[in-house]
Amino acid sequence: MSPDIIERKITYSLTTDAIPDLPMRIPIQDVTPETERAVVIGWINEVRDLGGLAFYILRDRTGFLQVTIVKKKAPELVLAAAKEASRESVVRVTGTIKATEKAPGGRELIPETFEIISRAESPLPLDVSEKVPSEIDTRLDNRYLDARRPRVAAIFQIRSTVTHAINNLLFDEGFTNITTSKIVATATEGGTELFPLAYFEKEAFLNQSPQLYKQMMMAAGFEKVFEIGPIFRAEEHNTTRHLNEATSIDVEVSFADHHDMMDLLERVIVCAYTSVAESCGSELEALGIELAIPETPFPRIPYAEAIDIAALSIDEDIGYGDDLSTAAERAIGEEVGVHYFITDWPTEIKPYYAMPYEDKPTVCKAFDLMHPRMELSSGAQRIHEHDLLVTQIIAKGLSPDSFSFYLQPFRYGMPPHAGWGLGMDRLIMTMLGLQNIREAVLFPRDRHRVTP
RNA sequence: GCCCAGGUAGUGUAGGGGCCUAUCAUGCAGCCCUGUCACGGCUGCGACACGGAUUCGAAUUCCGUCCUGGGCGCCA
């Protein structure tokens with residue numbers, strides 16, 4: 001390479017007239033000891049300057065590469081640029097690859113050009129190289145830096161893989177993907193608090209669940225639908241497993257019952273784990289996780305038995321008809337030790353749309369999917385008969401009037417159907433053993449955080 | 001919402017009435033260093049959340065405010 005070209009490479013920036021000259025960039029993982037020459041663009045992860053010899057560790061999303069500068073031999077412009085380059089600056093380095101046992105990955109880059117594309121200010125808001133840890137709050141305030149860490153990036157790569165795999169599975173099984181509105185008028189589905197919002201002259205809310213819309217699509221004859229999207233809950237909870245904005249994987253299927261839906265849920269969970277085990281080897285390694293794929297079928301424990309299991313190991317009184325406390329959930333989880341279902345819930349503690357057993361209406365065809373650490377999903381066969389649904393809404397102390405848009409489809413040919421909602425964030429959290437659900441979400445929304 | 005813990009350089013921390021002109025690490029700046037991989041060595045830079053009170057004296061005790069983490073509750 002002529003000195004003239006070296007000079008241009010060092011001085012030009014990424015303007016349009018420079019791009020035609022941009023040599024082909026190589027992802028770092030593709031740089032092997034056999035590579036002869038390489039153009040690499042990445043962030044400076046760290047610098048080790050030994051005096052006559054300096055090592056610049058470059059990082060891109062595919063890995064790390066050591067750039068070795070022998071100061072007596074390196075071009076002056078390389079030395080000048082390298083000296084100016086702060087940690088976490090984006091740089092482009094061109095040079096020859098030398099195979100050497102002494103460098104990480106068995107190869108190093110001897111630079112001929114070294115240019116700073118975007119210089120990082122100093123000090124950094126957090127230490128990307130993780131020599132010094134950062135608290136979750138600092139990390140979330142600076143998520144773009146936090147996510148440069150391979151361990152953090154791995155979580156979101158895995159999450160993306162899970163999304164892809166579940167989409168594929170559901171499409172393969174003949175599902176139709178739907179997108180429903182997150183802005184709704186119904187204030188009282190009962191239960192959770194909703195976020196109110198100003199919708200012109202009307203009152204509106206952020207939707208807590210696509211439940212009612214999924215069911216309406218059963219009336220529309222779509223038979224098998226799914227949606228992966230945000231849900232919003234205005235609860236003031238302050239825990240490591242709750243968010244005010246979560247991602248829900250929702251499905252609804254016509255002519256299916258709760259058993260069919262538990263079977264589907266098992267397939268989805270196994271598919272998620274399998275896809276990660278098969279295609280996220282390096283990410284799992286970065287996280288130090290050996291992923292065990294859950295075995296099916298998952299135990300299906302009737303509610304009445306579940307509270308007995310809980311009562312064995314905790315002090316508090318659990319009466320039939322009580323919801324499971326955190327301690328009870330944990331006690332059952334420890335006893336069972338694997339994913340499991342709690343089935344046959346008391347009708348009174350499940351939503352109005354859960355179908356009661358014909359021969360025993362105090363119990364309904366609802367189920368929860370539990371990971372030993374926490375609830376992941378709940379579902380049910382739904383009521384498809386209009387009058388029974390109205391009865392149940394009234395029994396829950398709700399007003400059928402505010403559900404008219406939802407109830408009307410039940411009068412014009414509603415097929416029997418069942419479905420569930422699965423918490424994506426908790427799925428990732430439990431799969432990877434994360435201690436805080438915020439680790440599984442890029443920009444979490446909790447009781448206090450609305451930015452970034 | 002209730003309860004507990006906490007807020008000290010950019011980051012993570014030590015210190016809980018005078019030993020504080022505040023510890024250590026990392027970072028940053030300078031100098032030395034040709035095989036580092038948490039490189040090493042020397043020098044320097046940089047902080048007690050805010051307001052009030054108690055006290056001869058407050059980072060330290062008390063009150064209030066703001067902020068944060070966690071547990072529980074809540075989560076059709």
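Side chains are part of it too, since the values below use all heavy atoms of this structure and drop only hydrogens, waters and symmetry mates.
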Practice task
Could you check whether A:Lys73 gets within reach of a base, just the sugar-phosphate, or nothing at all, counting any heavy atom under 4.0 Å?
Solution key: nothing
Exercise for the section: May I ask you to decide if A:Ala120's main-chain N or O and A:Ser89's side chain share a donor-acceptor pair within less than 3.5 Å? Expected result: yes
Fill in the blank from the handout: Heavy-atom contacts, protein to nucleotides 68-74 of chain B, under 4.0 Å, summarised as B (base), S (sugar-phosphate only) or - (none) per nt, yield SSBBBBB
Fill in the blank from the handout: Assert: residue with more 5' nearest nucleotide on RNA chain B, out of A:Lys72 and A:Arg233, is A:Lys72
Exercise for the section: Kindly indicate whether the side chain of A:Ser129 and the base of B:A38 share any N or O donor-acceptor pair separated by less than 3.5 Å? Expected result: no
Exercise for the section: Measure from the side-chain heavy atoms of A:Pro123 and tell me the nearest of B:G10, B:U36, B:G12. Expected result: B:G10
Practice task
Go through the N and O atoms of the side chain of A:Gln208 and the base of B:A76, and report whether any donor-acceptor pair is under 3.5 Å.
Solution key: yes
Handout entry: Distance, C1' atom - from B:G12 to B:C48, rounded to whole angstrom
Key = 16 Å
Exercise for the section: Using the ring of A:Tyr357 (Phe, Tyr or Trp, six-membered ring only), decide whether A:Lys365 places NZ or CZ under 6.0 Å from its centre and within 45 degrees of its axis. Expected result: yes
Handout entry: A:Trp43 backbone acceptor or donor facing A:Arg59 side chain under 3.5 Å
Key = no
Handout entry: Side-chain (A:Arg233) to main-chain (A:Asn244) donor-acceptor, under 3.5 angstrom
Key = no
Practice task
Can you sort out the partners of A:Glu130 under side chain to side chain contact (heavy atoms under 4.5 Å, CB included), two or more places apart, ordered by chain and number?
Solution key: A:Arg149, A:Arg151
Problem - B:A29: pairing nucleotide in any strand, Watson-Crick or G-U under 3.5 angstrom - result: B:U43
